Structure formats: structure tokens, C-alpha cells
Amino acid sequence: AVAIQNANLYRDAQRRAEEAETLREAAAVVASALDLDKLLDRMLDQLNRVVPSDSASLFLLEDPDLRIMAVRGFEHPEEVLNHTFPAHSSLFMEACSTQHPVILKDATQDPRFAGWGKVLAYVRGWMGVPLISHGEVIGYLTLDGRKPDCYSLSDAALVQAFANQAAVAVDNARLFSRVQQMAITDYLTGIFNRRHIFELGQLEIERSLRYGHDLSVILFDLDNFKTINDTFGHLVGDQVLREVTRRLRENLRTIDLLGRYGGDEFIILLPETNQAMALQTANRVRQILLEPLIETSSG
């Protein structure tokens, strides 16, 4: 009896050591990614190493919704990606309030799963695990099983430990993305800054020369803009620049590249655009900036 007990204890200790090592390796792989899209895909790959499932989904909170950002194990993932669920759904709210996993032995028999079942009709066993970073729930991991009662409390503990580390990695990737965006964006108008629009311009010139495609550039400034700053102050001048940017964005094509050249000067790169078409665009830009008048407030 003692020998059997010792053998069982050894097996348990060995299993826990293997689980801890798998968890450590999975967390290390996830933490090494700074690109958010790559990170989310890696998370589900590594999650399957920690606790296998027939399919899994990763949601991020976009108040007031949860949006599916990555999936694994789906026959047609394009039908599921970007699907949204209300963040006030009972399953998610339960996970938020307890900050612990929720396990359903048989999703088909649980009324809380009704809203989720529209996406996955085959699910029986199910587990939802909150992504928690700095005490705040930022998303949700769900694991699906075709057999009932396929997830245990020990599975839930492993996935929650993984999710806690993965949530920090998500926050880091988001922060990295914001820093990258700030590096290429004009702080006032939100369009490309001078350095980045020059980099894009160089790429477009090379592409145009390589393939023999048209490329046009419009460079313009705002007449008498200094008078606005001198008369009404820089805060009003900033409002004018932001309104100019808004009008430009609304009236340019999605492939056109808009940047702030400096001060009151703007630059527009027009791929696949010949001189005649560029002149038409330039005249349209001039007209939309003339009418109607720009309304500002001195605050």
C-alpha cells in the first residue's frame, strides 16, 4: 500500500512538473510577440498545448461588446472572426464578477450558453476564462469540446494561469502598437507626419517606376494661416487644422496617402493617378476647403 501511494505521489508530482514546464514554455512563446495579431494567434496555439480543445476563441473587450479576434479549430474561421457578443451576457459577466473560469458540463443543457450557441452548434463541454491584466478584465478565452464534461477544475486553473500571463502580453502589444502609431502620426491632426509620408512617398515612387504606374503628388498650404494664429490664437488655429484634415479624409480615396508636411502645409500622395486626374483632385480639395466656412470656438 505504501509503495502504491508513493508511486501515485510520484506520478502526481511528475504531472505537475510537466504542466508547469508546458505553462512556462507557452507563456514565454506568447510574451515574445509584440505584433498584436501574431500574438493573438500564438496565444491559441499555445493554449492548446496547455489544455487541448476541439476549438477555441479569443475575445477582446470593445465596450459594449466582445469581439472575436482569433480562433482555432474552426472549419470556416472567416465566418466567426469579428463576430461580436454583448459584454453584458451572463457568462461573461459571471467571469468578470468572480474573475475565475466558468465551466459548463453540457452547453446544450445550460440556458446561459444560448447566445453563444448561435455560432457553435456542436459544443457540449465548454469553458470561459477571463483575460485579466492589472486587475481589469480585458477579454475572454473560450474552449469548446464536442463531448460533455470534458473540462475539469484543474484544467481551469491551468488555463487561468496561462490567461493571466497572456493578458499582460496583450497589454504590452497594444502599448507597443500605440507607440509605433505615435512615431508615424502627427499629434495634432492624426494623419501621417512628415517623416513617415516621405518614407511612404519613397516606396510609392519605387513601385511606380518598377511597374510603370502613374503617381501624382499634391503639395499645398493654407493661405494667410499665420493671420488666424495671430488674430485668434493658436488654439483656434489648431481647430482649423483639424477641420481641414477631417474634410480631406472624407473626400480622398482610401488608397490616397495624406500627411502633414509642416505647419499649415499638407501633402497628398495619389497612387495610380495621372496628371489630369491629379488636377481634378487638387481643384476638389481647394473647393472643399473654401465652403462652407470653418466654425471654431475660442474655448
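Excluded from the calculations below are hydrogen atoms, water molecules and symmetry mates; all remaining heavy atoms, backbone and side chain alike, are included. Every value quoted in this text rests on a predicted model; they were computed, and no experiment measured them.
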Quick one: [atom1] on [X] to [atom2] on [Y], what's the gap to the nearest 0.5 Å?
X: E272; Y: S208; atom1: CD; atom2: OG; answer: 8.0 Å
X: S133; Y: Q165; atom1: OG; atom2: CD; answer: 12.0 Å
X: L44; Y: L141; atom1: CG; atom2: CG; answer: 6.5 Å
X: L47; Y: L58; atom1: CG; atom2: CG; answer: 8.5 Å
X: L215; Y: H213; atom1: CG; atom2: NE2; answer: 11.5 Å
X: T185; Y: Q180; atom1: OG1; atom2: CD; answer: 10.5 Å

Checklist entry - Is the backbone of P271 close enough, under 3.5 Å, to the side chain of T273 for a donor and an acceptor to pair up by distance? => result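 A pair under 3.5 Å: yes.
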Single-linkage hydrophobic cluster, 4.5 Å side-chain cutoff, [X] and [Y] together:
X: L257; Y: I255; result: no
X: V217; Y: L289; result: no
X: L36; Y: I138; result: yes
X: F198; Y: I205; result: no
X: L188; Y: L222; result: yes

Do NZ/NE/NH1/NH2 and the carboxylate oxygens of [X] and [Y] come within less than 4.0 Å?
X: D41; Y: K38; answer: no
X: R194; Y: E199; answer: no
X: R247; Y: E250; answer: no
X: R49; Y: D45; answer: no

Verify the neighbour count for atom [atom1] of [X]: are there more than 12 heavy atoms of other residues, nucleotides or ligands below 6.0 Å?
X: E206; atom1: CD; result: yes
X: E75; atom1: CD; result: no
X: L219; atom1: CG; result: yes

Checklist entry - Would a line drawn from the ring center of H83 to the ring center of F85 be shorter than 6.0 Å? => result yes
Next on the checklist: Set out, in order, the CA-CA distance, both residues' side-chain angles and the distance that settles side-chain contact (heavy atoms from CB on, under 4.5 Å) for L60 and L66, then state yes or no.
Outcome noted: CA-CA 6 Å; L60 289 182; L66 285 167; over 6 Å; no
Next on the checklist: Can you classify the ring geometry of F220 versus F266 as parallel (below 30°), tilted (30 to 60°) or perpendicular (above 60°)?
Outcome noted: parallel
Next on the checklist: Considering only residues two or more places apart or on different chains, which pairs with a residue in residues 257-270 satisfy side-chain hydrogen bond (donor to acceptor under 3.5 Å, both in side chains)?
Outcome noted: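 side-chain hydrogen bond (donor to acceptor under 3.5 Å, both in side chains) check on residues 257-270 returns D186-R260.
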Checklist entry - Tell me the side-chain hydrogen bond (donor to acceptor under 3.5 Å, both in side chains) pairs involving residues 91-100, sequence neighbours left out? => result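 Applying side-chain hydrogen bond (donor to acceptor under 3.5 Å, both in side chains) to every pair that reaches into residues 91-100, excluding sequence neighbours, yields E94-R112.
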